[in-house]
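Sequence positions, counted from 1, serve as the residue numbers for this chain. All values reported here derive from a predicted model rather than from experimental measurement.
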Amino acid sequence: MRHFRQLTPERLSALFHRAPAEFTPDAPASTLAVALGATLYSPATRPALAEDVRKQAARGVVSMVLCLEDSIADSEVPAAEDNLVRQLCALADEGRDDELPLLFVRVRDAGQIPALVRRLGAAVRLLSGFVLPKFTEDHSVPFLEALTEAESSCGRRLFAMPVLESPELLHRETRTDTLAGIVRTLDKYRDRVLALRLGVTDFCSAYGLRRTPEMTAYDVQIVASVIADVVNVLGRADGTGFTVTGPVWEYFRPQERMFKPQLRQSPFRSGRAEDVRAALIEHDMDGLLREIELDRANGLLGKTCIHPSHVAPVHALSVVSHEEFCDATDVLRPERGGGVLRSAYTNKMNEVKPHRAWAERTLLRGEVFGVAREGVSFVELLAAGVK
């Protein structure tokens, strides 16, 4: 699989200085965690789930979560499990595994993990892992033990993606102890943890809050404080941290392709920043774009998505710009033992030691999302990503 695989070789060459690299579900965890990109959630109750997975993969989705938790009613769980098993088996029977995204199942109780693995049989090869809800030390050890059991029984590597969404993590009086417990648990099962996901909707619900389309998660201070503490403790670049993904954006228009025609209209052809921004604001995309940028600035990578129209913006903004690439490669040149140097774009100073961790992360992102050609903008990448 590869990001922007929906593009022709000619289009890839026109847009990318370095095209996104191919990877497989068996790639190192460090690669897969970055490559998740826009992780699209889908309720496991969907009658055409297998078709949905194929369709979204063809549109550029690289990771999907098939949800058995909050997206479905309690009474629907047995039917959803049956549907999930049936649809994944149908996908496995087609034998086109290399055309599918990374697939994860979001469970609501630990017993579902080994039970689903047993029921899937050979089709378990399509699964990359499980999403674990309401992750805390007390609540989540049984999930991780069940994952270990399931992995042993099927002989396949299965990752955990914990969701940090519990009230204990939100409330100030319990946050420090809760984070410490999460660290202990994650350290014990480090090799099984692919990335951490943030349940910002649950955080907001604890206080009866809901942000508007004009507001990012970072405008809701009580949520922003949790994100900051999670990254502070769990997102460090010293080898102890994990990839932390960005929170869900709740807003979309009924037609997911609603802004594709706009990409063909004059504001996008003109390339003028004010015209492009006005067009995106008109279609409720401005808040999403600002939040993706703030995710990156605050140490998050990738994003939980509940609608296909969110995927292209996340991926377009994940591509490494030519300027970022030049800065990162300059910082990491073997002969640079330290010091300060002027950037290739002559608009900033790069400090070799302080910017090393940033440069390493940037080049890893550039490997999986690609490096844009000089002069290629986000707008062109977004237009290319919409299918």
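E99 has no carboxylate O lying under 4.0 Å from a charged side-chain N of R54, or vice versa, which leaves the two without a salt bridge. Between D70 and R108 no salt bridge is recorded (no basic side-chain N to carboxylate O distance below 4.0 Å). Salt bridge E250/R210: present, at least one basic N to carboxylate O contact under 4.0 Å. Comment: R184 does not engage D187 in a salt bridge, judged by the lack of any side-chain N to carboxylate O separation of less than 4.0 angstrom. Ion pairing between a basic and an acidic side chain is recognised when a charged N comes within 4.0 Å of a carboxylate O; E293 and R290 show no such pairing. Between R361 and E324 there is no salt bridge, since none of the side-chain N atoms of the basic residue sits less than 4.0 Å from a carboxylate O of the acidic one.
For the pair L144 and P142, the minimum side-chain heavy-atom distance is 4.5 Å or more. Annotation: side chain of Y345 is in contact with side chain of C326 (closest heavy-atom distance under 4.5 Å). Using a 4.5 Å heavy-atom threshold, the side chains of E165 and P133 count as touching. A 4.5 Å side-chain heavy-atom check between F252 and I306 finds at least one atom pair inside the cut-off. I113 has its side chain out of reach of L158: every pair of non-hydrogen atoms, C-beta onward, lies at least 4.5 Å apart. At least one side-chain heavy atom of S42 sits under 4.5 Å from a side-chain heavy atom of L49. Side-chain contact between L300 and L198: present, with at least one pair of heavy atoms (C-beta onward) separated by less than 4.5 Å. By the 4.5 Å heavy-atom criterion applied to side chains, L88 and L91 are counted as neighbours.
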### Message
The test is side chain to side chain contact (heavy atoms under 4.5 Å, CB included); show your working for V314 and C305 and say whether it passes.
### Response
CA-CA 9 Å; V314 173; C305 295; 4.1 Å; yes

### Query
For E214 and T212, what are the C-alpha separation, side-chain angles and deciding distance, and is it a side-chain hydrogen bond (donor to acceptor under 3.5 Å, both in side chains)?
CA-CA 5 Å; E214 293 76 30; T212 68; 3.1 Å; yes

### Message
For R211 and E291: C-alpha separation, side-chain torsions, deciding distance, then whether salt bridge (charged side-chain N to carboxylate O under 4.0 Å, His left out) applies.
### Response
CA-CA 12 Å; R211 66 189 192 272; E291 186 164 285; 3.1 Å; yes

#### Entry: Derivation and outcome, side chain to side chain contact (heavy atoms under 4.5 Å, CB included), residues M1 and E22
CA-CA 6 Å; M1 61 187 69; E22 293 187 355; over 6 Å; no

### Message
With side-chain hydrogen bond (donor to acceptor under 3.5 Å, both in side chains) as the criterion, how do D219 and T216 come out once you've worked through the C-alpha distance, each side chain's angles and the decisive distance to 0.1 Å?
### Response
CA-CA 5 Å; D219 295 316; T216 71; 3.3 Å; yes

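For R342, the CZ atom sits in a loose shell: 12 or fewer heavy atoms of surrounding residues, nucleotides or ligands are nearer than 6.0 Å. For K348, the NZ atom sits in a packed shell: over 12 heavy atoms of surrounding residues, nucleotides or ligands are nearer than 6.0 Å. Shown here is R296, whose CZ atom has more than 12 heavy atoms of other residues, nucleotides or ligands within 6.0 Å. Heavy-atom neighbours of E51 CD from other residues, nucleotides or ligands within 6.0 Å: at or below the threshold of 12. Atom CZ of R46 has 12 or fewer heavy atoms from other residues, nucleotides or ligands within 6.0 Å.
Neither side chain, D138 nor T136, offers a donor N or O lying under 3.5 Å from an acceptor on the other. Looking at D229 and S225, their side chains never bring a donor and an acceptor atom within 3.5 Å of each other. Defined by atom type and a distance below 3.5 Å, a donor-acceptor pair is present between the side-chain atoms of N347 and E323.
For R175 (side chain) and L170 (main-chain N/O), a donor-acceptor pair under 3.5 Å exists by modelled atom type. In this structure, N83 contributes its side chain and A79 its backbone to no donor-acceptor pair below 3.5 Å. Between the E76 side chain and the A73 main chain, a donor and an acceptor come within less than 3.5 Å of each other. In this structure a side-chain-to-backbone donor-acceptor pair under 3.5 Å is present from S63 to L36. Under a 3.5 Å cut-off, the side chain of Q87 and the backbone N or O of L84 do not form any donor-acceptor pair. Put simply, the side chain of E168 never gets that close to the backbone of T178: no donor and acceptor are under 3.5 Å apart. A donor-acceptor pair under 3.5 Å is formed between the side chain of R157 and the backbone N or O of P25. The backbone N or O of Q112 lies less than 3.5 Å from a partner atom in the side chain of D109, making a donor-acceptor pair. A distance-only check finds no donor-acceptor pair linking the side chain of K303 to the backbone of I292 [under 3.5 Å]. Side chain of S205 to backbone of G208: no donor-acceptor contact under 3.5 angstrom is found.
Under the 30°/60° scheme for interplanar angles, the aromatic rings of H3 and F23 are found to be tilted. Note: F369 and H315 have tilted aromatic rings, judged against thresholds of 30 and 60 degrees for the angle between ring planes. Using cut-offs of 30° and 60° on the angle between ring planes, the pair F325 and H322 is tilted.
Cluster membership check: Y189 shares its hydrophobic cluster with L179, using side-chain heavy-atom separations under 4.5 Å among Ile, Leu, Val, Met, Phe, Trp and Tyr. By the criterion of side-chain heavy atoms lying less than 4.5 angstrom apart, applied directly or through intervening Ile, Leu, Val, Met, Phe, Trp or Tyr residues, V231 is not grouped with L301; the two fall into different hydrophobic clusters. Cluster membership check: V163 does not share its hydrophobic cluster with V193, using side-chain heavy-atom separations under 4.5 Å among Ile, Leu, Val, Met, Phe, Trp and Tyr. Criterion: ILVMFWY side-chain heavy atoms under 4.5 Å apart, direct or through other members. Under it, W249 and M215 are not part of a common hydrophobic cluster. Neither L164 nor V248 shares a network with the other; the hydrophobic side chains, linked directly or stepwise wherever heavy atoms of I, L, V, M, F, W or Y lie under 4.5 Å apart, form separate groups for each.
In this structure, SG on C67 lies 14.0 Å from CZ on F104, to the nearest 0.5 angstrom. Expressed to the nearest 0.5 Å, how far OG1 of T304 lies from CZ of R197 amounts to 3.5 Å. A distance of 8.5 Å separates CE in M161 from CG in L102, rounded to the nearest 0.5 Å. A distance of 13.5 Å separates CZ of F130 from CZ of F159, quoted to the nearest 0.5 Å. Atom OG1 of T148 is separated from atom CZ of F143 by 13.5 Å, given to the nearest 0.5 angstrom. Note that the CG atom of L132 and the CG atom of L196 stand 10.5 Å from one another [nearest 0.5 Å].
Taking all atoms of both residues into account, the shortest heavy-atom contact from Q6 to A384 is NE2-O, 4.4 Å. The nearest pair of heavy atoms linking R365 to S318 is NH1-O, 2.9 Å. Heavy-atom minimum distance, A372 versus V319: N-CG1, 3.7 Å. Scanning both residues, P162 and F135, for their nearest heavy atoms gives CB-CD1, 3.3 Å. Contact record, P247 with D295: CD-OD1, 3.5 Å, taken as the closest heavy-atom pair. When all heavy atoms of A195 and T245 are compared, the pair lying nearest together is CB-CG2, 4.2 Å.
Residues meeting the side chain to side chain contact (heavy atoms under 4.5 Å, CB included) test with D97, sequence neighbours left out: R125, L126.
Residue T362 is tested with V320, V371, D327, L332 for a side chain to side chain contact (heavy atoms under 4.5 Å, CB included); the sole match is V320.
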